[in-house]
Amino acid sequence: MTSLTHLDDDGRARMVDVGAKPVTRRVAIAEGRLDTTPEVVGLVRSDGLKKADVLPTARIAGISGAKRASELIPLAHIVPLDAVSIDFGFEDAAVTIRATVSTTARTGIEMEALTAVAIAGLTLHDMVKAVDPAARLGGIRLVEKRGGKRGVWRADAADSAAVEGPTDASADTSPAGRTALVLVVSTRAAAGAADDTTGPVIVGWLRERGFETAEPVVVADADVADAVRGAVAASPSVLITTGGTGVNPTDRTPEATLAVLDQELPGVAEAIRTAGRAATPTAALSRARAGIAGRTVVVNLPGSGGGVADGLGVLADLLPHVVDQLAGGDHAPRPAHTEVSNA
């Protein structure tokens, strides 16, 4: 067991010196739940409580809690927040709470995520206590953190390791063990006013390359942030989006993608734009991004059939290599150069 970092050699509390650590992008995800009655869950979902706007109020409270974590927890550092999001889910007799917090800093942001869940949950409790004073807030825990020297840590993986013991590190490197998700961002397709023609093409392309890939998920532009965040939380090997990368005011896929990335791969995005410009000059207007979120490769493709074809052509050579690198593979050897004789 390692020593407690918040105690000095004499056992006195201290704030850890992080001045020498590198500045990196860090993400923390925490969750909790308010166990209550089916009646209360129904009232919360329908906004039927006398204290109206229950979820929006709890969401704002959770965001405020994340911003004030360093004031509430004595030895926590003051960390600049890049983003905070609070998501709620519903079970028969419970409201679930999930906070995702990100920063670009020298230290982690776990306490901000946990505080966000706690404050959002306490606010929910306050707003339902008139109907169910016995409601119980609990299960607050860190489920994932990314960034820093430890890379990616997930609670489910830690739990499995504790029960099953060490596993073969190469188990995830076989093509059969790799998964992919395809997200189609189109308000018209989500509403049933247009057919999704690009999603099935990408799914077929991925399956041909050995990725276990479900049918494409179609979402409206307004829902892309939640959809991307949820897709990354599922930890697929690859997430490819199509649509929402242009300059229309409703195109928000690049922003949603940037919010989850730990590292950008600007060369990949630029290569896809270059391939598109060869056939369509307006491809230069694409704001698509590519990068790494945890151990997931995320790539934005345009929403057109031609743009998807151009993008997949670029990824054909790049995607296997970057997925292999994230799974712990070695660098691919460079092609041998043919010597040119001066004779």
Side-chain angles (χ1 to χ4, degrees), residues 170-186 196-218 228 231-232 234-246 253-254 256-258 260-338:
S170 66
D172 291 332
T173 63
S174 64
R178 295 176 180 174
T179 59
L181 295 177
V182 176
L183 188 63
V184 178
V185 185
S186 169
D196 166 29
T197 58
T198 56
V201 171
I202 301 171
V203 167
W205 185 87
L206 287 164
R207 288 174 178 172
E208 288 174 358
R209 283 154 181 78
F211 290 92
E212 182 181 341
T213 312
E215 293 303 309
V217 175
V218 183
V228 169
V232 168
S235 302
S237 304
V238 177
L239 168 63
I240 296 181
T241 74
T242 172
T245 62
T253 302
T257 300
L258 184 60
V260 302
L261 293 183
D262 300 316
Q263 305 172 57
E264 281 201 78
L265 297 173
V268 175
E270 187 54 40
I272 294 172
R273 272 188 287 274
T274 300
R277 283 201 305 268
T280 308
T282 54
L285 299 176
S286 171
R287 300 184 300 112
R289 293 183 180 272
I292 309 299
R295 290 188 176 273
T296 300
V297 182
V298 185
V299 180
N300 299 154
L301 295 182
S304 66
V308 165
D310 293 334
L312 295 180
V314 171
L315 294 178
D317 293 328
L318 296 177
L319 192 60
H321 179 64
V322 69
V323 170
D324 182 64
Q325 289 289 292
L326 289 178
D330 199 358
H331 291 282
R334 291 174 178 265
H337 292 286
T338 303

Residue pair Val232 / Leu239, side-chain heavy-atom distance below 4.5 Å: yes
Leu312 versus Trp205, closest heavy-atom pair with distance: O-CZ2, 3.4 Å
Step-by-step side-chain contact (heavy atoms from CB on, under 4.5 Å) determination, Leu206 to Leu319: CA-CA 10 Å; Leu206 287 164; Leu319 192 60; 4.2 Å; yes
From OG1 (Thr257) to CD (Glu264), nearest 0.5 Å: 9.5 Å
Pairwise side-chain contact, Val299 with Ile272, heavy-atom cut-off 4.5 Å (strictly under): yes
Intermediate values then yes/no, side-chain contact (heavy atoms from CB on, under 4.5 Å), Ile292 and Val322: CA-CA 9 Å; Ile292 309 299; Val322 69; 4.1 Å; yes
Shortest non-hydrogen contact from Val298 toward Ala293: CG2-CB, 4.2 Å
Smallest separation among heavy atoms of Phe211 and Thr179, with atom names: CD2-O, 4.1 Å
Validation row: Arg178, Asp324 side chains within 4.5 angstrom (heavy atoms): yes
Sub-4.5 Å side-chain heavy-atom contact between Leu315 and Ile240: yes
Over all atoms of both residues, closest heavy-atom pair of Gly291 and Leu261: C-CD2, 3.7 Å
Residue pair Asn300 / Arg287, side-chain heavy-atom distance below 4.5 Å: no
Salt bridge (Lys or Arg N to Asp or Glu O under 4.0 Å) pairs, two or more places apart, involving residues 307-322: none
Only distances under 3.5 Å count here; give the side-chain donor-acceptor pairs of residues 275-285 to other protein atoms, sequence neighbours excluded, each with its distance to 0.1 Å.
unit_1: Arg277; atom_1: NH1; unit_2: Glu270; atom_2: OE2; d: 3.4
unit_1: Arg277; atom_1: NH2; unit_2: Thr274; atom_2: OG1; d: 3.4

Main-chain N/O of Ala288 paired with Arg273 side-chain donor or acceptor, under 3.5 Å: yes
Working for side-chain contact (heavy atoms from CB on, under 4.5 Å), residues Val201 and Thr242: CA-CA 11 Å; Val201 171; Thr242 172; over 6 Å; no
Distance-minimising heavy-atom pair for Thr245 and Leu301: CG2-O, 3.7 Å
Nearest heavy-atom neighbours spanning Pro254 and Gly244: CD-O, 3.2 Å
Thr253 side chain near Leu183 side chain, heavy-atom distance below 4.5 Å: no
